[in-house]
K.L.:
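Pasting a structure here, questions to come.
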Amino acid sequence: MERHCFVHQGEYSMDPVVTRFPPSPTGYLHIGGARTALFNWLFARHHHGKFILRIEDTDVARSTDASIKAILDAMEWLGLYWDDGPYFQTKRLPFYQDYLQRLLDSGKAYYCNCTPESLERRRQAALAAGKKPKYDGLCRDRGLGPGPDRVVRFRCPDVGTTVLNDLIKGPIFFDNAELDDLVLQRSDGMPTYNFAVVVDDITMNVTHVIRGDDHVNNTPRQILIYQALGTPLPQFGHVPMILGEDRTRMSKRHGATSVMAYKDMGFLPEAMVNYLVRLGWSYGDQEIFHLEELVEKFSLEHVGKSAGVFNQEKLLWINAHHIKERSPESLVPLLEPFLMERGYPRKPAAYLSKAIRTLQARARTLVEMADSMRFYMVENMEYDSDAAKKFLVPTLRAPFQRLMESMERLENFDEASLENVFSEVVAGLGMKLGKLAQPVRVALTGGTVSPGLFEIMDVLGKQTVLKRLGRALEYLNAV
RNA sequence: GUCCCCAUCGUCUAGCCCGGUCCAGGACACCGGCCUUUCACGCCGGCAACACCGGUUCAAAUCCGGUUGGGGACGCCA
């Protein structure tokens with residue numbers, strides 16, 4: 001209810017804004033993570049602050065180098081460059097040990113030798129008894145020291161209330177009695193997530209923790225650790241989740257969840273950013289945004305509180321928009337991988353640009369564009385059989401011959417001249433342009449759907465056009 | 001089971017904090033039409049929502065309470 005007052009807390013401080021994105025390298029960068037990264041990046045940029053990339057690799061068993069690379073690649077593809085890092089938690093072990101010792105020394109943490117099996121049994125029992133499956137505090141006061149197979153737990157206060165003044169959701173109250181003595185350090189010596197984040201955010205001077213909704217319940221535990229350590233709290237902002245069509249947490253069965261999968265499907269990074277930012281954030285009625293503009297306009301107070309459904313239709317529309325908006329030249333390098341993939345012969349960039357220009361309004365993705373580019377690229381494209389049967393008929397012999405004769409004489413093979421040629425032929429034969437256009441289209445592209453005839457011919461050039469017309473003439477003579 | 005969050009068109013959302021200007025605005029999708037050498041693009045128009053119940057008030061999408069529904073979290077994962 002007092003949202004604005006919370007939102008402004010950070011702005012009154014003299015501290016420069018520091019945000020971070022802390023993925024765990026156990027897979028690719030997914031849609032939700034990308035949006036979190038984007039929000040953090042935008043917030044930092046907007047406030048002229050710093051954006052840190054931190055790899056949370058304390059789960060040694062599941063972390064992989066391939067994942068790290070995949071995540072970094074995706075961040076770069078989106079244009080979310082970091083100012084600092086990437087840091088790796090596994091290389092910061094002394095920090096965690098230092099802070100852990102402080103907690104141990106002050107009695108805020110203790111050793112525990114409960115086995116995972118025993119813990120699991122007790123959890124199940126609690127659940128069966130209708131109670132919350134939290135740690136029962138067995139080792140709390142046993143005064144255990146370090147030893148093999150022992151973890152360190154946080155001594156969580158069992159009375160009182162912890163308040164999270166969330167930048168997005170407002171104040172949230174938690175009964176400390178609901179929380180339990182979470183593990184800070186595993187038996188292998190690695191810090192756990194909840195402890196490592198706190199230590200890292202403290203030592204990296206993070207001022208704003210912007211992350212997914214699913215972390216709300218971790219926050220009171222982290223706040224308690226900050227308090228036990230006697231360090232000031234950062235500001236927290238919890239962004240709502242992204243759901244699939246069925247309104248459950250987005251997963252692979254809802255379609256692609258990897259950011260790079262969208263790159264492969266022919267989406268532009270700016271379209272991805274544009275779509276992602278609008279999923280949960282708004283600026284009045286505006287739909288189209290560019291990165292630079294977002295830096296200026298982004299703020300947490302316009303981030304909504306409710307979860308949103310990922311909608312690929314809208315992404316397609318936004319992608320189509322950005323494709324139209326880009327210069328053809330800038331699209332060339334992005335499209336090239338897709339052209340290679342299709343095994344098309346190489347063409348000069350200038351040729352590709354001209355072809356792209358005719359397709360920009362017709363393609364929603366680079367995949368669609370590469371597909372419809374075929375007739376521009378392949379020497380002898382095949383005729384669509386239905387189209388050929390319907391349009392390449394013997395009555396076109398005279399019109400085609402006349403066209404070719406007139407074109408042969410053309411000095412400037414450009415759209416305007418071509419249009420004149422067509423008008424003359426059509427007028428001379430007393431037919432409608434429409435009657436001639438489709439057969440020519442089939443002759444030139446193999447199909448009935450394509451950019452405007454004159455632009456196509458302009459791109460293809462005199463030689464190719466005459467060749468294809470000639471080939472069509474042979475075809476309809478043979479029918 | 002316990003705790004936490006959320007609730008405006010099918011979807012993303014504006015509006016809600018500071019009640020009247022909202023018989024609720026924009027966008028995607030969908031349906032018509034226009035443009036037109038095909039397909040698109042573009043333009044014009046249409047369909048479609050304040051979850052429910054109660055309270056406060058002259059007045060509630062907006063404030064309060066409850067119900068229902070949905071989501072999330074309860075790990076030596078992050």
Side-chain angles (χ1 to χ4, degrees), chain A residues 1-5 22-24 26 56-59 61-62 112 114-116 119-120 123 126-135 149-153 164 166 169-170 172-175 178-180 182-188 190 192-194 196-197 211-220 238 240-241 243 245 247-249 275 278-288 301-302 304-318 320 324 359-364 372 387 419 422 426 432-438 440-442 445 447-454:
Chain A
M1 73 201 83
E2 297 284 330
R3 253 169 96 187
H4 289 90
C5 124
S24 69
T26 54
E56 309 221 325
D57 56 352
T58 55
D59 186 346
R62 294 200 300 150
C112 163
C114 294
T115 65
L119 250 17
E120 184 53 26
R123 259 193 291 271
L127 217 42
K131 287 188 291 191
K132 196 168 175 120
K134 54 181 231 177
Y135 180 65
D149 294 324
R150 289 185 184 181
V151 301
V152 176
R153 284 183 184 274
L164 157 60
D166 197 271
K169 296 183 183 278
I172 304 174
F173 301 87
F174 298 88
D175 244 324
E178 289 295 332
L179 279 18
D180 68 354
L182 70 157
V183 171
L184 301 176
Q185 186 183 70
R186 294 184 255 245
S187 52
D188 66 0
M190 280 289 169
T192 57
Y193 164 72
N194 280 113
V197 232
R211 76 224 311 188
D213 223 347
D214 48 342
H215 286 290
V216 168
N217 288 293
N218 284 322
T219 311
H238 287 95
M241 308 256 79
L243 310 177
E245 298 285 355
R247 305 207 74 95
T248 63
R249 198 193 180 112
Y275 178 71
R278 277 289 289 110
L279 190 48
W281 174 83
S282 61
Y283 190 80
D285 284 338
Q286 191 172 340
E287 296 287 350
I288 300 299
E301 60 247 65
H302 286 108
K305 295 186 188 184
S306 48
V309 173
F310 187 87
N311 181 229
Q312 194 163 325
E313 286 298 327
K314 184 143 185 184
L315 208 210
L316 278 168
W317 175 78
I318 289 181
K324 279 188 281 260
L359 257 13
Q360 277 175 296
R362 288 163 239 265
R364 295 181 302 173
S372 40
E419 211 161 340
F422 266 69
V426 158
K432 290 242 188 186
L433 177 57
K435 286 288 173 200
L436 185 55
Q438 278 306 72
V440 172
R441 190 183 311 281
V442 175
T445 72
T448 54
V449 172
S450 83
L453 267 191
F454 307 119

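Lettering of chains follows the sequences in order, A, B, ..., and the numbering in each one begins at 1. Heavy atoms only: backbone and side chains are in, while hydrogens, waters and symmetry mates are out.
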K.L.:
Please report the distance separating the C1' of B/C41 from the corresponding atom of B/C5, rounded so that it comes out in whole Å.
P.N.:
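Comparing C1' positions in B/C41 and B/C5 gives a spacing of 43 Å.
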K.L.:
Hey, does A/His238 have a side-chain heavy atom less than 4.5 Å from the side chain of A/Ile172?
P.N.:
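No, side chains not in contact.
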K.L.:
State, yes or no, whether a side-chain contact exists between A/Arg211 and A/Thr219 at a heavy-atom distance under 4.5 Å.
P.N.:
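The answer is yes, as the side chains (C-beta and beyond) meet within the 4.5 Å cut-off.
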K.L.:
Output the single nucleotide from B/U2, B/G26, B/G72 whose closest atom is nearest the side chain of A/Glu178.
P.N.:
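So the nucleotide nearest the side chain must be B/U2.
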K.L.:
Can you tell me how far P in B/C47 sits from the matching atom in B/U38, rounded to whole Å?
P.N.:
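Pairwise P distance, B/C47 against B/U38, rounds to 30 Å.
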K.L.:
Tell me the interatomic distance from A/Ile172, atom CD1, to B/G72, atom P, rounded to whole angstroms.
P.N.:
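Taking atom P of B/G72 as the reference, CD1 of A/Ile172 is at 16 Å.
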K.L.:
So, does A/Ser450 get its side chain near the phosphate of B/C39, meaning an N or O under 4.0 Å from OP1 or OP2?
P.N.:
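So the side-chain polar atoms of A/Ser450 never come under 4.0 Å of the phosphate oxygens OP1 or OP2 of B/C39.
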K.L.:
So, is A/Lys132 close to the B/C3 phosphate, meaning a side-chain N or O under 4.0 Å from OP1 or OP2?
P.N.:
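For B/C3, neither OP1 nor OP2 has a side-chain N or O of A/Lys132 closer than 4.0 Å.
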K.L.:
Give one of base, sugar-phosphate or nothing for A/Ser187, where a contact means two heavy atoms less than 4.0 Å apart.
P.N.:
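It contacts base atoms.
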K.L.:
With a cut-off of less than 4.0 Å, is there a side-chain N or O of A/Thr58 near OP1 or OP2 of B/A78?
P.N.:
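Checking B/A78 against A/Thr58, a side-chain N or O does come within under 4.0 Å of OP1 or OP2.
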K.L.:
Within the 4.0 Å heavy-atom criterion, would you say A/Thr248 contacts the bases, only the backbone, or no part of the nucleic acid?
P.N.:
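Sugar-phosphate contact only - A/Thr248 comes under 4.0 Å of backbone atoms but never of a base.
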K.L.:
When you compare B/G25 with B/A49, how far apart are their C1' atoms, in angstrom units rounded to a whole number?
P.N.:
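Comparing C1' positions in B/G25 and B/A49 gives a spacing of 12 Å.
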K.L.:
Using a 4.0 Å heavy-atom cut-off across all strands, classify A/Asp175 as base, sugar-phosphate, or nothing.
P.N.:
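No contact at all - A/Asp175 keeps every heavy atom at 4.0 Å or more from the nucleic acid.
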K.L.:
Could you tell me how far B/A24 sits from B/C18 if I compare only their P atoms? Round to whole Å.
P.N.:
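25 Å, rounded to whole Å.
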K.L.:
Could you tell me whether the side chain of A/Pro220 reaches within less than 4.5 Å of the side chain of A/Leu179, counting heavy atoms only?
P.N.:
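A/Leu179 vs A/Pro220: side chains touch.
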K.L.:
Is there a donor N/O on one and an acceptor N/O on the other, under 3.5 Å, for the side chain of A/Asp213 and the base of B/A73?
P.N.:
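No.
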K.L.:
Tell me: CD of A/Gln312 to P of B/C12, nearest whole Å?
P.N.:
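One finds 15 Å between P of B/C12 and CD of A/Gln312, rounded.
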K.L.:
Base, sugar-phosphate, or nothing: which does A/Lys324 touch, judged by heavy atoms less than 4.0 Å apart?
P.N.:
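Sugar-phosphate contact only.
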K.L.:
Is there a Watson-Crick or G-U wobble partner for B/C39 with both distances under 3.5 Å, and which nucleotide is it?
P.N.:
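By the stated definition (distances under 3.5 Å), nothing pairs with B/C39.
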K.L.:
Should A/Asp213 and A/Lys169 count as an ion pair when the cut-off is N to O under 4.0 Å?
P.N.:
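Result for this pair is yes, salt bridge flagged.
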K.L.:
Can you measure A/Glu245 atom CD to B/C28 atom P for me and round it to whole angstrom units?
P.N.:
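So the two atoms are 17 Å apart, to the nearest Å.
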K.L.:
Does CZ in A/Arg364 sit with more than 12 non-hydrogen atoms of other residues, nucleotides or ligands closer than 6.0 Å?
P.N.:
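Check fails, neighbour count at 12 or below.
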K.L.:
Look at all strands and tell whether A/Cys112 reaches a base, only sugar-phosphate, or nothing, counting heavy atoms closer than 4.0 Å.
P.N.:
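Touches nothing.
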K.L.:
For nucleotides B/G26 and B/G69, find the distance between their P atoms and express it as a whole number of Å.
P.N.:
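So the two P atoms sit 34 Å from each other.
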K.L.:
The side chain of A/Arg278 is closest to which nucleotide in this list: B/C76, B/A29, B/U13?
P.N.:
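Nearest to the side chain of A/Arg278 among the choices is B/U13.
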K.L.:
Which whole-number value in Å describes the distance from A/Arg362 CZ to B/G42 C1'?
P.N.:
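Those two atoms, CZ and C1', are 12 Å apart.
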K.L.:
Categorize A/Val216 for me: base, sugar-phosphate, or nothing, with a 4.0 angstrom heavy-atom threshold over every strand shown.
P.N.:
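Contact class for A/Val216: sugar-phosphate only.
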K.L.:
Rounding to an integer number of Å, can you tell me how far A/Lys305 NZ sits from B/G70 P?
P.N.:
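The distance from NZ of A/Lys305 to P of B/G70 comes to 21 Å, rounded to the nearest Å.
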K.L.:
Looking only at side-chain atoms of A/Leu433, point me to the closest of B/G72, B/C76, B/U37.
P.N.:
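Per side-chain heavy atoms of A/Leu433, the pick is B/U37.
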K.L.:
Closer than 4.0 Å, any side-chain N/O of A/Arg62 to the OP1 or OP2 of B/G75?
P.N.:
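Negative; the distance criterion is not met.
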K.L.:
Please work out if A/Glu287 contacts a base, only the sugar-phosphate, or nothing of the nucleic acid, heavy-atom cut-off 4.0 Å.
P.N.:
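Base contact.
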K.L.:
Does A/Pro451 reach a base, just sugar-phosphate, or nothing at all? Heavy atoms under 4.0 Å.
P.N.:
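Contact class for A/Pro451: base.
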K.L.:
From CG of A/Leu243 over to C1' of B/C5, roughly how many Å is that when rounded to an integer?
P.N.:
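Going from A/Leu243 (CG) to B/C5 (C1'), I get 12 Å.
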K.L.:
Does NZ belonging to A/Lys324 count more than 12 external heavy atoms closer than 6.0 Å?
P.N.:
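Yes, the 6.0 Å shell around NZ holds more than 12 heavy atoms from other groups.
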K.L.:
Counting neighbours of NZ on A/Lys435 that are heavy atoms of other residues, nucleotides or ligands and sit closer than 6.0 Å, is the number greater than 12?
P.N.:
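Count not over threshold, so no.
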K.L.:
It should be established whether A/Arg249 places a side-chain nitrogen or oxygen under 4.0 Å from OP1 or OP2 of nucleotide B/G71.
P.N.:
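Checking A/Arg249 against B/G71: no side-chain N or O falls below 4.0 Å of OP1 or OP2.
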K.L.:
Using the C1' atom on both, measure B/G55 against B/C74 and round to a whole Å.
P.N.:
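Their C1' atoms lie roughly 35 Å apart.
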K.L.:
Touch check for A/Leu279, heavy atoms < 4.0 angstrom, all strands: base, sugar-phosphate only, or nothing?
P.N.:
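Answer is sugar-phosphate: A/Leu279 comes under 4.0 Å of backbone atoms only.
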K.L.:
What is the separation between atom CG on A/Leu179 and atom P on B/U2, rounded to the nearest whole Å?
P.N.:
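Taking CG of A/Leu179 and P of B/U2, I get 17 Å after rounding.
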K.L.:
Give a yes/no answer on whether the side chain of A/Arg123 brings an N or O atom under 4.0 Å of OP1 or OP2 in B/C76.
P.N.:
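So the side chain of A/Arg123 is within the cut-off, an N or O lying under 4.0 Å from OP1 or OP2 of B/C76.
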K.L.:
Measure the distance from CG on A/Asp214 to C1' on B/A73 and round it to the nearest whole Å.
P.N.:
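Nearest whole value for this atom pair: 8 Å.
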